[in-house]
Number of protein chains: 2
Amino acid sequence: MTVEKVTSQDVARLAGVSQSAVSRVFTPGASVSPAMAKKVHAAAAELGYRPNVLARSLITGRSRIIGLVVAYLENQFYPVAIEHLSRALQAEGYHILIFMAENSESQVADVIQELMDYQVDGIIAASVAMTHDLSERCAAAGIPVVLFNRDQDGQSHSAVTSANTIGGAKVAEFLIAGGHRRIAHIAGWQGSSTGRDRQKGFLDALAAAGREPVAVIDGMYTRDGAADAARQMMAMPDPPDAIFVGNDHMAFAVMDVLRSELGLSVPGDVSIVGYDDVPLSAWPAFDLTTLRQPVNRMVAATVETILGKIQDRTLKPRKIEIDGPLILRGSARIPEGWAG
Amino acid sequence: MTVEKVTSQDVARLAGVSQSAVSRVFTPGASVSPAMAKKVHAAAAELGYRPNVLARSLITGRSRIIGLVVAYLENQFYPVAIEHLSRALQAEGYHILIFMAENSESQVADVIQELMDYQVDGIIAASVAMTHDLSERCAAAGIPVVLFNRDQDGQSHSAVTSANTIGGAKVAEFLIAGGHRRIAHIAGWQGSSTGRDRQKGFLDALAAAGREPVAVIDGMYTRDGAADAARQMMAMPDPPDAIFVGNDHMAFAVMDVLRSELGLSVPGDVSIVGYDDVPLSAWPAFDLTTLRQPVNRMVAATVETILGKIQDRTLKPRKIEIDGPLILRGSARIPEGWAG
DNA sequence: CTGAAAGCGCTTACAG
DNA sequence: CTGAAAGCGCTTACAG
């Protein structure tokens, strides 16, 4: 079992042409005569030659690799996003080098450093905290950074999110219109922009209607956090009759507590609304009413932003917010004549 | 915003040493005096130098990149596996270049080819079909291949699976012991080794007990396939009182049909047993009895196998089967005094 | 231990 | 259009 690396030299020799000619044949847009191309392709096919992408990257300064940093995959939103991101990038000739990181500053910093060692052309950080300093370092190194489903202060990075504040407000209006009297919120992690924005939009819209939440607890984007919050709320003397939960992943945990643990009915006793619209939400077992984050459009915007910046370094970082619809299902009372 | 690439030359100049010296300081195990190391580190820190991994790879012939090919991420088993795989490989200084592929031979062949262009040190194919020819090409190129959660004929690749035949048999014995009279099977995709092995183990064990399944339908590992199969089975004059479903992902769809669509009770009317034990299975909404695939051990075996082969090319490919336990939950009647 | 030199497999001006 | 040459940023024998 011989491990023979076939190089452009070998092909050149067999085809009886120069090594540069071989290189040109495999460089889109380079000028080669049809005769040359034919000879070279024949020799290449015979030897099974393909250009070494790494060697090419060393010269061109582009690796066609995008680094993706992601914290955890239990929330189905992320696998779905990764799948879309990966396919979209592949279609453009790019590939994803994936790094798992704890969502801590030092971990993320280490990971980004490793990513830079690989000479990635760009970095996508999905729901992961980046310090201001870190994103400036990337910018200084000419590596575009786009935050996916999270934003933070600073102008050195781009960010793509759904319109979280508006989304939170939509849920509030929907629950009010549904005639709910005691509305509560199990918030997304308040250390994240999505958690804060959804909560702000929700509470502001409530206030605009002269209403106040009966309870607000940070669910930390975890099942345990959400489940505990649900137990606390339902143990109140006057428990809520509607809960807006900061994402679907937590909403499932809340429904589990209400139905399996407390024997309550959803939406009979409590209406539940989530945020994301992951595939699971449509399954009959949950049938969750939720504010959809349009993954497809978020991914398209992310890919366009990062590739744009790679091709034209002078482009300014931009913040994109994409509006999503409320998806009506069976977990929350639907106001009569509701049209959104 | 200047994009300055700092190279070992720059560091050498600043430190007043040769470029090779700088290289040695960043090469673990190379011989350098403490004084030299200190000078170089100081200069490197000042300039923010880090070695270019791509240039290094060109010489060493190792990229420290592992290609991962995966078909779809809706089944939660895969995100979980990717997360574990990624973390385990990161801990060893390797990283994952991820490729999504349709599970078709030509698509997979294309993807593998691209992976080889990136000079990956090894390839992990998760539940994806590889032709014999393809895995031989990788072997010829000196790139170890390990199939994760799938196997097929041929000795040119390694494979890590759970003990699927034994697992299928365990489920059969459990359902028989539970006193079920009409046992059916919604099989995993029969084009896959896992689907075939689980079915074979299940049917053989049934036969060994003098029993026959009342129905066997291929669920294709999809929600739709499984849901249709469930509808067909429940429409039989004498519907099953127990169904072994080829994986958890399908089992959820089956439970949705039984409970939400047909108004049946699980396990009151029908016992359901799945295969995988994804995190979702433990959620109260499903509470699914299932044969666990020990992801941690499967991942550990995969990492060990592929890194072993990278370090020692003479190692033979190997097939590893890892036994998993039946996890008892509420979706299937538990035989009295059952101890496994 | 250290430096000068060759070379990994390519791309890309530069002549012709 | 084509070839000879330089060079991308490193590692690694080879002398000293």
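So you know, we letter chains A, B, ... as the sequences are listed, proteins then strands, and number each from 1. What you are looking at is a predicted structure, and each value in this text was computed from that prediction instead of being measured. Both backbone and side-chain heavy atoms feed into the values below; hydrogens, waters and symmetry mates do not.
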Roughly how many Å is it from [atom1] in [X] to [atom2] in [N], rounded to a whole number?
{"X": "A:F26", "N": "C:dT11", "atom1": "CZ", "atom2": "C1'", "result": "14 Å"}
{"X": "B:R64", "N": "D:dC10", "atom1": "CZ", "atom2": "C1'", "result": "16 Å"}
{"X": "B:R56", "N": "D:dC8", "atom1": "CZ", "atom2": "P", "result": "19 Å"}
{"X": "A:N52", "N": "C:dC10", "atom1": "CG", "atom2": "P", "result": "5 Å"}
{"X": "A:Q9", "N": "D:dG3", "atom1": "CD", "atom2": "C1'", "result": "12 Å"}
{"X": "A:R13", "N": "D:dG3", "atom1": "CZ", "atom2": "P", "result": "15 Å"}
{"X": "A:R50", "N": "C:dG9", "atom1": "CZ", "atom2": "P", "result": "17 Å"}
{"X": "B:D10", "N": "D:dC10", "atom1": "CG", "atom2": "C1'", "result": "13 Å"}

Any B:S18 side-chain nitrogen or oxygen under 4.0 Å from OP1 or OP2 of C:dG3: yes
Presence of B:S33 side-chain N/O under 4.0 Å of C:dT2 phosphate oxygens OP1/OP2: yes
Note, B:P317 side chain near B:Q155 side chain (heavy atom, < 4.5 Å): no
Step-by-step side-chain contact (heavy atoms from CB on, under 4.5 Å) determination, A:V128 to A:V70: CA-CA 7 Å; A:V128 128; A:V70 78; over 6 Å; no
A:S156 side chain to A:S135 side chain, donor-acceptor N/O pair below 3.5 angstrom: yes
From B:E83, B:Q90, B:H84, residue fulfilling side-chain hydrogen bond (donor to acceptor under 3.5 Å, both in side chains) relative to B:R87: B:E83
Qualifying ring pair (Phe, Tyr, Trp, His ring centres under 6.0 Å) pairs with a residue from residues 36-71 of chain B, counting only residues at least two apart or across chains: B:F26-B:H41, B:F26-B:Y49
Within residues 104-136 of chain A or reaching into it, pairs that qualify as ring pair (Phe, Tyr, Trp, His ring centres under 6.0 Å) - sequence neighbours excluded: A:Y118-B:H95
Set of residues satisfying side chain to side chain contact (heavy atoms under 4.5 Å, CB included) with respect to B:A129, sequence neighbours excluded: B:N103
DNA chain C base-pair string [pairs: Watson-Crick or G-U under 3.5 Å; |: paired with another strand]: |||.||||||||.|||
Nearest heavy atoms of A:P294 and A:I322, plus distance in Å: CG-CG2, 3.6 Å
Minimum heavy-atom distance between A:V108 and A:E102, given as atom pair plus value: CG2-O, 3.7 Å
Approximate separation, where rounding is to 0.5 Å, of A:L54 CG and B:L54 CG: 4.0 Å
Residues touching DNA chain C, which here means a heavy atom under 4.0 Å, drawn from residues 35-46 of chain A: none
B:E105 CD: over 12 foreign heavy atoms closer than 6.0 Å: no
Of B:A55 and A:S31, the one whose closest DNA chain D nucleotide lies more 5': A:S31
If you restrict it to nitrogen or oxygen atoms, what contacts under 3.5 Å exist between nucleotides 12-16 of chain D and the protein, and what is each distance?
unit_1 : atom_1 : unit_2 : atom_2 : d
D:dA13 : N6     : B:R24  : NH2    : 3.2

